[in-house]
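Since the structure comes first, as structure tokens, the remarks are kept for the end.
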Amino acid sequence: MTQDRVNVTIDGVPVAVPKGTSIIEAAKQAGVLVPHYCYHPSLPSPAVCRMCLVEVEKAPKLMPACVTTVAEGNVVHVNSPAAKEARESVLEFLLINHPLDCPICDQAGECELQDYVFQEGRANSRYGEFAKRYNPVEDFGPDVLYVANRCILCTRCVRFMEDVAGEPVLNVSERGDRAYIGIDPDHTLTHPWSGNVVDLCPVGSLISKDFLHKARAWDLDKTASVCPGCTQGCNIMIDTRDDVVVRLRPRANLDVNRHFICDEGRADYRWMNRGDRVEAPLRRDGSKLVPTDWEHAIARFAELAKSVRSVTILASGRASTEALGYLRKAFDGASVSAAVKVPTGSEAPLAGVPNLALRTERIPNLAGALLAGFGTDWDRTVAGAGASDLVVLLDVELDDAVAKLISAKTVIIATVDDDRAGGAALVLPTTTMAEENGTYVNRDGRVQRYFQAKAAPGMARPTWWIAAQLAEVGRGVAAPTTAAAAFAGLGKTIPALAGLSYSELGHTGRLVEVTAGAAR
Amino acid sequence: MSAATHGSHAEAPYQPVFVGASREKLEALFPKYPTKQAVLLPALWIVQEGRGWIPPEGIAEVAAVLGLTPAYVRGVATFYTMYHLHPVGRHFIQVCGTSPCHLCGSDDVLHAILKETGCGELGATSPDGRFTVTEVECLGACGFATPVIIDDDFHDSVTPERVPGILARYP
Amino acid sequence: MGYPHPSHPKETVVLSKYFGDAEARTYPGWVKRGGYEALKKALGMTPDAIIEELKASGLRGRGGAGFPTGLKWSFMPKGDGKPHYLVCNADESEPGTFKDREIMRWTPHQLIEGCAIAAYAIGAETCYIYIRGEFTEPWKVMSRAVDDAYANGALGGNVFGSGKRIDMVLHRGAGAYICGEETAMMNSIEGRRGNPRIKPPFPAQAGLFGMPTTINNVETLAATSPILLRGAAWYKGLCLGNPKSTGTKLFSVCGHVMKPGNYEITMGFPMNDLIHDLAGGMRPGRRLKAVIPGGSSVPIMTAAEAEASLCDYEGIIEKGSMLGSAGFIVMDDSADIVYEIYRLAKFYAHESCAQCTQCREGTAWTTKILERILKGQGKREDLDLLLDLSDKMTGRTICVLSDSCAAPIVSGIKKFPEEFDAYLSRAKAPALATVG
Ligand SMILES: Cc1cc2nc3c(=O)[nH]c(=O)nc-3n(C[C@H](O)[C@H](O)[C@H](O)COP(=O)(O)O)c2cc1C
Ligand code: SF4
Ligand code: SF4
Ligand code: SF4
Ligand code: FES
């Protein structure tokens, strides 16, 4: 193996990296950041911004770290006076035509130009009184605006559309300092993955209309999560401001979504902010549902569950593996018929990344549901539910077919408050995936964690907690008190998950064997 | 106004360029290159020869025949200064203004041409729609200062005195 | 010869022998003058033997960089089974340079023959000749000549009965100086923006269409047939200066000389004679002030430097500049150095492909500063600023266009400070009007 590795020293730190590694990636491994603009690990490198110039001992001139591969024995200086001076000059060149309108720029606070200028830029501009380049703001598509004056022509957006999306609708137009990013007005950024150009843009030149002026970067809280949009399981960040989700952004996971998410997933977050939530457990009292506390609610649930021989569980595909696993476990011994609803839509692959697509099955945890013993034959399960002793509905839409099932033998675990729940025995408030810790298993069997991004409303509790309480009260099985403990406990009933723990899953997940019906 | 002169360009429905002889010319190019895309510059030339300039529909047509997107074609077309992406006068005049020719009096030639054509300023089209004049960079004929290209004709050693006689050949 | 002037006795006419001779343009006319004998000879040699002959001749690239031609050809892989390409660089856009135009206009078959020899030597079946879009006349002459060469079996599927295929395609540029840079040219042929590519990979590994490619200047290729016919020793013997610079070379002389034109001289010829004798010297009453010898992309030489220099790669370096494409921009004492430098900076700003930050922004910024100086609004600090920006534009970009913009600026400020001073002190009236 050693001959495939190259030993180099970067800012004094020795590292051994695979042959063919670029200096910029080798530096990362040495814990050294090489400032850069045009380079992006998921795009081909054009080496145009020249920001990443570093000193390589014995090389006659500064080398672009993004496209220069390491050679055995290289001694690289990222923070030598020569390299710093080169960066300072690139920054100065970039700033001469930059409006410096940070106070009104959406990117402020997460702008790579602002960051580097702050770190190592010149204090004053020598450009003086010359007029800056001016181009009007342009509409680039359903969710993207192009603020040309801020563009540093790194071409990331152009390369993404051309080399990754395979739909070159953006171009570099003109030459010299007249150059700008162009678009054909009849073919704008409508590709199902085109929103990524906004994240790729290192400055505030491509901005999301949806996010426009919603928040300042420094006011945002960012939480690692997993997109609930489809079985791909793209890794995301949920950005919240004052407990309100304001946008979803991709989070890097080279094995799942590299640095990208689809536009549908990106746009679908408003439900996380719904105000019409069930905030307290509700118990039937005569013809009405009245609020109660959890202790009474669980006791009532246990009563309803006691000695039932058959149960039907209808669940949302957004439910966590923990929720589904513990619900299933809670009815151990009874005959359970369980299904998740799988809405579908057309598949939309991202051409340049193997095995990445907006998937037909628009739920995040299909594989987790199968592992937990849930089926997908929704209609048949709904049709057969009438014969069950108990029906449990977990966060499902109460459409006509489902609403018809609601009776005094129905327990609804719900996020949103729905009038049609009126006939149920119990309505228990639960959390959305944005309000809890949990895991989803994606289509390849990757078990991935998502983290709580905002507070749960009122008394809402995660479904796994509710189910575990039920088991404890009803049958004396000790309930876990944390999501981590809940996950660790899943292994008992779902062999594929045995031995796994949250800490082992980390931020990028772990692959497990998923074959249909692997549960028990 | 030049807009009036070119009104016909703008209003008439677009007629495809790649039909008949132009189509044959295009088809004859494909075997000369291993990729279709390589025919992009020649295809843009064919459009410009046929139309006098390259309208957006021409860009779309080139994109369609080569299997590219219009945006891609446009990005390439704007790189090359000889492609006219806006209508120009009947005769397009390019006068070298780079240092070697400047040393030899290209400014005077340029002014004589601007005056004689009635264009007045660079890039403008004369009121009669006859000429558009531009100053261009080195034409590779510095020993023959001042070179002037009118349409496809290369005129060497142009002096202010020769300007009226040369322009008279372009009605 | 110094077309349109008659040949000067001090010239060594090889390539330019038939400039101005209309009959030489035709296929039979060219054959009558000994044309295509070299190609026939080459087809009887092995490619390796041709490459060795070129190496021995000492021929170096005439496009600007002066890279040894035989060595360049030897980089092409052998037996790799991939298509190889030859690209002939006929983009000639370097200000002050106009020699390739004459070769194509007057002796198109000389170029076709040279291309065919090179194609055979590097194992290429296709040669693309990239002719700048503005060269309408050379284009017509070359088109005609290529057709005739095909018709006479000098090109096509079975070149002169050798069983070798050599196809030749003329590709028209469309107005972009940067396409003269070899990798930009490849992008341009492929139907892309003329952006220079990052090296490695080098063209001989992955060039045009990703295949092994050799790219040579028109004059370089044209020189191959006389070398093959008359032998490497003869060519190598043509040398008046440094033995690393051999053969004859066309020097384009323009600007303030009495007889601008192309002069074919032996390498190492005195620059003083070239300017003052062959090119006719200055206009009456004028003195030589400066020369930019390599096309515009090299440092300016003072009159004293120029007059003491030899015309070859090493001789000009010794005197503080570079041979480049050997396009001499000559300025007499009436020239405004500041203005001409400004005009060159404007050229580079116009031609920058826009990829690299330093070049895109730096060429435009330096142009603006020079413009300010010429408007009589310059500041003392402007010179330091220009020098500093030039330093930051040098050696840091994908290609050397950025460096080329800086070279005349830096040398101009260093060698002609008084000309800048005259504007900065307001002793000289502004050369550019202020608008608004
Ligand atoms: C900005 C730039 C412009 C160039 N323009 C030309 C040109 O117009 N003609 C040319 O032959 N070489 C030009 N070159 C040099 C080519 O890149 C290349 O070195 C040359 O064509 C190789 O041929 P040779 O070895 O025969 O000289 C240019 C280089 C640069 C960097
Ligand atoms: S818009 Fe943004 S991503 Fe695109 S080139 Fe400009 S700075 Fe780069
Ligand atoms: S592909 Fe699926 S998981 Fe990925 S962002 Fe889109 S909807 Fe979300
Ligand atoms: S140096 Fe200038 S011309 Fe060369 S690649 Fe960079 S931007 Fe383009
Ligand atoms: S990151 Fe290397 S040149 Fe831009």
Next item on the list: Determine the option with the most heavy-atom pairs under 4.5 angstrom with chain B, choosing from Arg175(A), Met161(A), Glu167(A).
Entry: Arg175(A)

Check: Would you find more than 12 non-hydrogen atoms of other residues, nucleotides or ligands less than 6.0 Å from Lys132(A) atom NZ?
Finding: yes

Check: Which bit of Ile181(A) comes within less than 4.5 Å of chain B, counting heavy atoms only: side chain, backbone, both or neither?
Finding: neither

Checklist line | Heavy-atom pairs under 4.5 Å with chain B, option from Leu170(A), Asn171(A), Val158(A) with the top count | finding: Asn171(A)

Margin query: Are more than 12 heavy atoms, taken from residues, nucleotides or ligands other than Lys61(A), located less than 6.0 Å from that residue's NZ atom?
Written below: no

Notebook entry, point to check: Just checking heavy atoms, which of residues 67-81 of chain B are less than 4.5 Å from chain A?
Noted result: Thr69(B), Pro70(B), Ala71(B), Tyr72(B), Arg74(B), Gly75(B), Thr78(B), Phe79(B), Tyr80(B), Thr81(B)

Check: Taking only heavy atoms into account, what residues of residues 91-102 of chain B are found under 4.5 Å from chain A?
Finding: none

